[in-house]
There are 2 protein chains.
Amino acid sequence: MVTITDVARAAGVSRSTASYAFSGRRTISTVVRDRVAAAAHDLGYTPNAGARALKTSRTHVIGLLAQFLPDEFAPAMLQYMLGVSDTARDLGYDILLAIDDDGVGALRRLTSSRMVDGVVLLNVAEDDPRLPALRAAHQPGALVGLPRDCRGVDVFDLDFAEAGRLMVDRLVRQGHREILLVSQSEDVVARGGAYVWRHQEGALERAARHGVQLTCVFGASAQPEIGHQLDRLLTDHPGVTALMLNNEAAAAALPGVLGGRGLRVPEDLSVVGRYSRELAETFALPFSAVESAPDVLGRMAVEQLVRRIERRGPDEPHTVRLVAPTLVDRGSIGPPPTP
Amino acid sequence: MVTITDVARAAGVSRSTASYAFSGRRTISTVVRDRVAAAAHDLGYTPNAGARALKTSRTHVIGLLAQFLPDEFAPAMLQYMLGVSDTARDLGYDILLAIDDDGVGALRRLTSSRMVDGVVLLNVAEDDPRLPALRAAHQPGALVGLPRDCRGVDVFDLDFAEAGRLMVDRLVRQGHREILLVSQSEDVVARGGAYVWRHQEGALERAARHGVQLTCVFGASAQPEIGHQLDRLLTDHPGVTALMLNNEAAAAALPGVLGGRGLRVPEDLSVVGRYSRELAETFALPFSAVESAPDVLGRMAVEQLVRRIERRGPDEPHTVRLVAPTLVDRGSIGPPPTP
DNA sequence: TCCAATCGTCGAACCGGTTCGAATGGCGTG
DNA sequence: CACGCCATTCGAACCGGTTCGACGATTGGA
């Protein structure tokens, strides 16, 4: 491996001069700088990341803590990861990926060994056990997902309460009076996925205000259970004219269920979901949906994290940013059928 | 940050003694070892990864080079990543994730700055431009995907030719005489996805031997195009009694298409795909399929890579391992309908 | 003409580990 | 009692960068 010593020798200067020639932190004559650059190029020199990190205590690596839980929709998580990864690359950072059942352990390992300059936590739960560990580590962290206690971290999430309101408003405006909301599985809620509650409460609040009937159920997260469940729900609630889905697996299963029952959308049933544009395209999900914007959230988290890393600003106040939901119209919302 | 010097001071020993107490590379009295361990525990000591890497020139990090190409099915790629990540963790390695349009640049960056001990390349093409860069880097590499030139690397892939044979054999044994094979998009082939050819040639060989008609087409990779295309194909080839899919998007779209045409599987049409068990479960894909085993391939790649990293065996001969395909029966293959 | 300021460069220390050679002390043995 | 051996421990060098203080050579101003 070629080191800066080799470059310095080839250029006939001292190591420190070579270093300054690269960093430009002191004035170096142009002839020397060119000679150093030429030598580096000829020898194929790249600085050793470990050595540099040791001295500067900056690794230019961001830890990405993801978790793939059995009752969650893996491809949705992927979208967040891609958003984070792309942004990091744009800002000159690499991603150390920790997909670990033991998220706390992984977090501690990365931070305490100084492998990373900061971390992004995905899928943060109401009382996420990783948060105390993050606060103990003296490294900045950005979250995707809204915990109860946001002290000391930057937080980004979709405004799920507003999403619930938006979906109900939209359906009621079309004339629907009996709506069924299928949320994520109860396990997700039990694990602290408070966004399910926030969404549901936003929806219930608006339903009450409009005086319409909103039935809330937790949906299964696996196939084919969720399909059977949807079928059963449609049988049990014949008066329902609109379906709200806060559950990707349900959205994926619904076309098959509708086909089986011979129902057309939106003529027989209106449907509004909550998933990303990417997901809709990959799986041909034909429903209007609130955009969950994983790429945007991932990007915001990384940008804020890098700002905090580079501007050394643990003092600067921390952010909690809830992104306003937008509804992507795919034509699955219409007036209720006339009986 | 607490360093080994702090620990040594707290334990009343020299830095080297503390280091030996941890590594056990020299005999240290039990009382001293215990004192050092206690001090380390009290102070919350974790060795600095950069410093250790600098001295040992081992980072315990593996580079994972993935690429999400526009005409490929992202969730399928995710399965490989998870296999790699899980195995790495089991073996005590972390994953540096590089999802980069410029795969060559990313590879060079990771290897020449010594951020990683070795790399896993996913989605390797016939003449993958990353391979020359990998050979130039003096780091071991393991590939998932079979390139033309396998020198200097360990290669793992599904035996796609055998998969093609297996699928045809199975259909012919049931009595099918007119089969339609929908492969990946032509763009994938153009980019060097030779596995599409290998699969197709295996299938054609067997079809010829059995004297049955096999029509091969390249399918679109995006929704909803692939669905429309499948619909058109079924119209244009009314004699076809069995469908072979080497295209995840097609498998995802097919249930909708079949529903639209009122076709039942396997009574009206037999279907056999090629995708992983995971994918089948996530999207409720109801078709029998050759298991693409991304988790197994990812695992094998990492295990071999770590073996080569740790046993310093660039001399040991390199492997090319084609995994034998297995067919997972989901009941979508039956005899052709009687006219 | 002399002194101070500036420019360009070098040497050395340091980051936090690991590891080699040597020093210390206790023990058994001839 | 002298010797050598072994078990422990320490000091110092090194990995490959960065950075501070110092120094010689110019240059400018008084």
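Chain A is the first sequence line, chain B the second, and so forth, proteins listed ahead of strands; every chain is numbered from 1. All figures in this text were calculated on a predicted structure; none of them were measured in a lab.
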Side-chain contact, heavy-atom cut-off 4.5 Å: [X] with [Y]?
X	Y	answer
A:V323	A:M300	yes
A:F22	A:I4	yes
A:I95	A:I62	yes
B:F68	B:I99	yes

Quick check on [N]: is either OP1 or OP2 less than 4.0 Å from any side-chain nitrogen or oxygen of [X]?
X	N	value
B:T17	D:dT9	no
A:T3	D:dG16	no
B:S19	C:dT18	yes
A:T5	D:dG16	no

Which nucleotide, [options], lies nearest any side-chain atom of [X]?
X	options	value
A:L54	D:dA13, D:dT9, C:dC15	C:dC15
A:R52	C:dG16, D:dT18, D:dT9	D:dT18
B:R26	D:dA12, C:dA22, C:dG17	C:dA22
A:S16	C:dA12, C:dG17, D:dC10	C:dA12

- prompt: What is the nucleic acid contact for A:T27, judged by heavy atoms within less than 4.0 Å: base, sugar-phosphate only, or nothing?
  reply: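 If one applies the 4.0 Å heavy-atom cut-off, A:T27 turns out to touch a base.
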Practice item. Pick base, sugar-phosphate or nothing for B:R25, based on heavy-atom distances below 4.0 Å to the nucleic acid. Key: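 Sugar-phosphate, no base atom in range.
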Can you measure [X] atom [atom1] to [N] atom [atom2] for me and round it to whole angstrom units?
X	N	atom1	atom2	answer
B:D6	C:dC15	CG	C1'	13 Å
B:F22	C:dG16	CZ	P	15 Å
A:H60	D:dG17	NE2	P	15 Å
B:R35	D:dT9	CZ	C1'	11 Å
B:N48	D:dC15	CG	C1'	13 Å
B:R9	C:dG17	CZ	P	12 Å
A:Y45	D:dT18	OH	C1'	10 Å
A:M115	C:dG17	CE	P	14 Å

For B:S29 and A:V2, find the nucleotide of DNA chain D closest to each by heavy atoms; which residue's nucleotide sits nearer the 5' end?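 Comparing both residues, the 5'-ward one is B:S29.
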On DNA chain D, nearest-nucleotide positions of B:R33 versus A:I4: which is more 5'?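 Between the two, 5'-proximity favours B:R33.
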Within the modelled atom types, does a donor on one side and an acceptor on the other bring the side chain of B:R15 and the base of D:dG11 under 3.5 Å apart?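 Side chain to base: no pair below 3.5 Å.
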- Message: Between B:Y20 and B:K55, which residue's closest nucleotide on DNA chain C lies nearer the 5′ terminus?
- Response: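 Looking at the nearest nucleotide for each, B:K55 comes out on the 5' side.
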Salt bridge or not between A:D154 and A:R307? Use side-chain N to carboxylate O under 4.0 Å.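 No, no charged N to carboxylate O under 4.0 Å.
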Quiz prompt | Listed partners of B:R9 passing salt bridge (Lys or Arg N to Asp or Glu O under 4.0 Å), at least two apart | solution =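 Testing B:R9 for salt bridge (Lys or Arg N to Asp or Glu O under 4.0 Å), a comparison that skips the adjacent residues, returns B:D6.
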